[in-house]
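All values below come from the heavy atoms of this structure, side chains included, with hydrogens, waters and symmetry mates left out.
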Amino acid sequence: MRAFAQDLIRWQRRHGRHGLPWQATRDPYRVWLSEVMLQQTQVAAVIPYYQRFLEQFPDVRALAAASQDEVLQLWSGLGYYARGRNLHAAAKAIALEGAFPRTVEGLRALPGVGRSTAAAIAVFAFGRRAAILDGNVKRVLARRFGVTGLDEQWRLAGRLLPRRDLRTYTQALMDLGATVCTRARPDCARCPVARGCVARREDRIAELPAPRARKVLPLRRATWFVHLHAGKVLLERRPGAGLWGGLWTFPEKRLRGATTTRRLPVLEHGFTHFRLRARPVLCAAPHSATPGQLWLDLADAPGAAVPTPVRRVLRALLPGGAD
């Protein structure tokens, strides 16, 4: 096990990812921000969002002082919007306490921070001795050691921790799973721990970890009423919890007195547990609204805190139909 860690550390220094914008800091705010954004999202997609967040909210107090609308507007397009809401709630809690928690247990108490994320923040920001177990690391451990049970993997991850260079080792695990020991077509020739790999020796690379059963996602249908009046569009805030919570979308009920002018192309959007098929209906409408609704200039609406499919429709309505 000691050799496993040392092989990874040597590999990381020569072949791992370097120069990512959050790697040169021990600032817990920046580390925490990056780790939350990286949950279920690839590095390339995260970088521009991370940079924009730091420009607008350079520290945790600035983020805590922002409105939820401002936070979700910047988050829009990154997906898994509960992360943005939890980020804002956690910033408020941290600002109230006056400092970041410095232990794994304290970090886990923050909204949206699970066991592995808390460990990563503790390692990178505070040099704590803690084991991570995100999806990439689970795959590496399952293949290299043939261990698939979650409890067993957590115990193994703890035993594998080296005495020194914890930051380098932790980054190496992340990088190995993301760039070499990938789910499909892993590059075993470049793997620093291929020798002794159970999956390779037993020709079980495709079996470890056990692939998740593919299931047919249910289809949900919705009609979006795109109400227009004098160059403005009507948007409606989604409830705080659930799908697109806190974001602005099109109403799914027609305003009284509104008339259909045309139907826009149907669009589909995939979620973790279902597919959404939305039919936008363009309507000429009186300038009225109910609580939770807001008229915005059509030119400004795509920049509001709206989900990606809604932004796509709004941009299509602009002169030139820019997407």
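Under the 30°/60° scheme for interplanar angles, the aromatic rings of Phe4 and Tyr169 are found to stand perpendicular. The aromatic rings of Tyr29 and Trp32 sit tilted relative to each other, their planes meeting at an angle between 30° and 60°.
Residue pairs meeting the salt bridge (charged side-chain N to carboxylate O under 4.0 Å, His left out) criterion with at least one member in residues 268-291, sequence neighbours excluded, are Glu268-Arg275, Glu268-Arg277.
The environment of Arg220 atom CZ is sparse: at most 12 non-hydrogen atoms of other residues, nucleotides or ligands sit within 6.0 angstrom.
For the 3.5 Å distance criterion, the side chains of Gln293 and Glu236 qualify, holding a donor opposite an acceptor.
The cationic group of Arg237 does not satisfy the cation-pi geometry with Trp244, failing either the under 6.0 Å distance to the six-membered ring centre or the 45° limit from the ring axis. At least one cation-pi condition fails for Arg254 and Phe225: the charged atom is not both under 6.0 angstrom from the six-membered ring centre and inside a 45 degree cone around its axis. Both tests do not hold together for Arg83 against Tyr80: distance to the six-membered ring centre under 6.0 Å, angle to the ring axis within 45°.
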Might you work through the side chain to side chain donor-acceptor pair (under 3.5 Å) test for Ser76 and Arg311, ending with a clear yes or no?
CA-CA 9 Å; Ser76 180; Arg311 180 176 291 108; 2.7 Å; yes
Could you please spell out the steps behind the salt bridge (charged side-chain N to carboxylate O under 4.0 Å, His left out) verdict for Asp7 and Arg195?
CA-CA 11 Å; Asp7 286 344; Arg195 185 170 54 185; 5.1 Å; no
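Under a 3.5 Å cut-off, the side chain of Arg238 and the backbone N or O of Leu243 do form a donor-acceptor pair.
Note on Leu150 and Val147: same hydrophobic cluster, where clusters join Ile, Leu, Val, Met, Phe, Trp and Tyr whose side-chain heavy atoms are under 4.5 Å apart, directly or indirectly. No continuous path of hydrophobic side-chain contacts links Leu156 to Val104 [ILVMFWY only; heavy atoms under 4.5 Å]. Both Val137 and Trp22 are part of a single hydrophobic cluster, where members link through side-chain heavy atoms under 4.5 Å apart.
Other residues sharing the hydrophobic cluster of Trp295, ordered by chain and number and joined by side-chain separations under 4.5 Å: Leu234, Leu255.
Annotation: Phe271 is in aromatic contact with Phe274 [ring centroid separation under 6.0 Å].
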